Amino acid sequence: MTPPEELQASLGMHDHDEPTHHLQTHDVDPLVGERIRRRVTAVLRQEQRRVARPRSAWISLWYHRALEPTLLIGLGASYLVWAVQGTLAILH
Amino acid sequence: VAFEALYARLRAPLYSFLVRLSGRAELAEDLLQETWLRFARHSHRLEPEGDPRPWLFTVARNLYRSHRRWALLDGERLRELGLWSGAEVAGPFEALCASESERRLEHALLELSLGEREVLLLCGSAGFEPAEAATILGISAEAFRQRLARARGKLRERLAAAERPTRGTRLT
């Protein structure tokens, strides 16, 4: 017959008397920990800037390829309509 | 702010995991730094609401595995080659142990194979559920259960052997 411990283990169940549960958690040297924190924070900032850059590039592309031509064409068309209407008003 | 909190919460568990996996404090510090740097580089791809713990432990474990592939003669290989002196086995945490039983446990862990240490540390001190730990190791739940049972058995054997009076079991 399978002993209960082995049965538990074979089922992958947690045995809270397992010795490794009682292992102490030790921290890294505070100076090393701080050095790592600073480096990682710097890399995080770089990454955030890098990820944000394509968005601004896309906005710029959208402005120059779509918004700016639309505005120019709209203004030109408005001016043309105004000019034609003004000319017709003078002639009549 | 999210990173600061995460770093404060997971720095020590990750470091402990790496030290017990590698048996070397200096190497664990390097791997800890590389793990967090990878996190920083991939943070925009991680789910903001997801738990980054399994991801971090997976990266830490893979980094150590890669390092080990490049290291020609680590302790385990020396032992396999019969060049390991048992007297030299001393984990970095052994000096910090409050009791003799803790010291024996740290020592016994280092004597297990890497695969066995991994399952015990992930399910034990790191506190992962077996399914999560199996995902971290990239193995099936069934394979994980078998490895865990085997590792627990071996650890108990080593601890029992360590508690017995020394009777010439040391490898020389």
Side-chain angles (χ1 to χ4, degrees), chain A residues 1-70, chain B residues 3-4 7-8 11-20 25 28-29 32-37 39-45 92-93 96-98 101-102 104-106 108-109 117 120-127 129-131 133-134 141-142 144-146 148-153 155-156 159:
Chain A
M1 196 175 143
T2 316
E5 273 180 6
E6 279 182 37
L7 185 65
Q8 270 197 342
S10 69
L11 291 170
M13 290 167 69
H14 273 304
D15 175 4
H16 291 287
D17 286 332
E18 178 68 41
T20 48
H21 283 288
H22 305 295
L23 282 170
Q24 301 268 344
T25 300
H26 297 285
D27 206 349
V28 69
D29 179 79
L31 286 174
V32 176
E34 182 56 23
R35 192 192 69 212
I36 294 173
R37 192 193 66 77
R38 280 198 204 143
R39 272 201 71 181
V40 175
T41 307
V43 172
L44 264 175
R45 284 201 190 113
Q46 275 177 5
E47 280 301 308
Q48 281 165 355
R49 279 199 291 273
R50 198 181 62 82
V51 171
R53 205 176 299 139
R55 197 176 296 161
S56 62
W58 186 84
I59 289 169
S60 166
L61 191 77
W62 180 78
Y63 175 79
H64 289 295
R65 294 262 171 96
L67 192 64
E68 202 176 27
T70 309
Chain B
F3 163 71
E4 299 286 339
Y7 183 68
R11 185 185 60 228
L14 262 175
Y15 175 67
S16 299
F17 174 69
L18 283 166
V19 171
R20 289 188 176 113
E29 285 173 5
L32 181 74
Q33 173 166 289
E34 190 50 38
T35 303
W36 284 107
L37 286 173
F39 172 79
R41 288 186 201 115
H42 293 86
S43 58
H44 61 279
R45 285 186 223 158
F93 290 158
L96 303 171
C97 290
S101 60
E102 270 181 51
R104 278 188 199 138
L105 180 56
E106 295 282 358
L109 261 176
R117 272 203 305 280
L120 285 171
L121 290 172
L122 288 173
C123 256
S125 56
E129 290 298 322
E142 184 51 39
F144 181 84
R145 279 194 283 268
Q146 286 175 9
L148 182 63
R150 199 167 51 239
R152 280 174 171 167
L155 184 68
R156 285 196 190 101
L159 287 172

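Predicted model, so just to flag it, every value in this text is computed and none were measured.
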Notebook entry, point to check: What part of A:R50 gets closer than 4.5 Å to chain B, counting heavy atoms only: side chain, backbone, both or neither?
Noted result: side chain
Margin query: For B:L18, which atoms come within 4.5 Å of any heavy atom of chain A: side chain, backbone, both, or neither?
Written below: neither
Check: Can you name the closest pair of heavy atoms from A:I36 and B:E29 and give their distance?
Finding: CD1-O, 4.0 Å
Next item on the list: Over all heavy atoms of both residues, which pair between A:R39 and B:Q33 is shortest? Give the atoms and the distance, please.
Entry: NH1-NE2, 2.9 Å
Notebook entry, point to check: Nearest heavy-atom pair of A:T25 and B:P13: which atoms, and what distance?
Noted result: CG2-N, 3.7 Å
Note to self: Could you measure the distance from the CZ atom of A:R37 to the CZ atom of B:R11? Nearest 0.5 Å is fine.
What the structure shows: 9.5 Å
Checklist line | With B:Y7 via ring pair (Phe, Tyr, Trp, His ring centres under 6.0 Å) - residues at least two apart | finding: B:F3, B:W36
Notebook entry, point to check: Residues in side-chain contact (heavy atoms from CB on, under 4.5 Å) with B:R41, at least two apart?
Noted result: A:V43, A:E47, B:E34, B:L37
Check: What part of B:L14 is in contact with chain A, defined as an atom under 4.5 angstrom from a non-hydrogen atom: side chain, backbone, both or neither?
Finding: neither
Check: Which region of B:S125, side chain (C-beta onward) or backbone (N, CA, C, O), has a non-hydrogen atom less than 4.5 Å from a non-hydrogen atom of chain A, or is it both or neither?
Finding: both
Item checked: CD-OG distance between A:Q24 and B:S16, expressed to the nearest 0.5 angstrom -> 9.5 Å
Next item on the list: Look up atom CD in B:E106 and atom CG in A:L23, then write down how far apart they are to the nearest 0.5 Å.
Entry: 5.0 Å
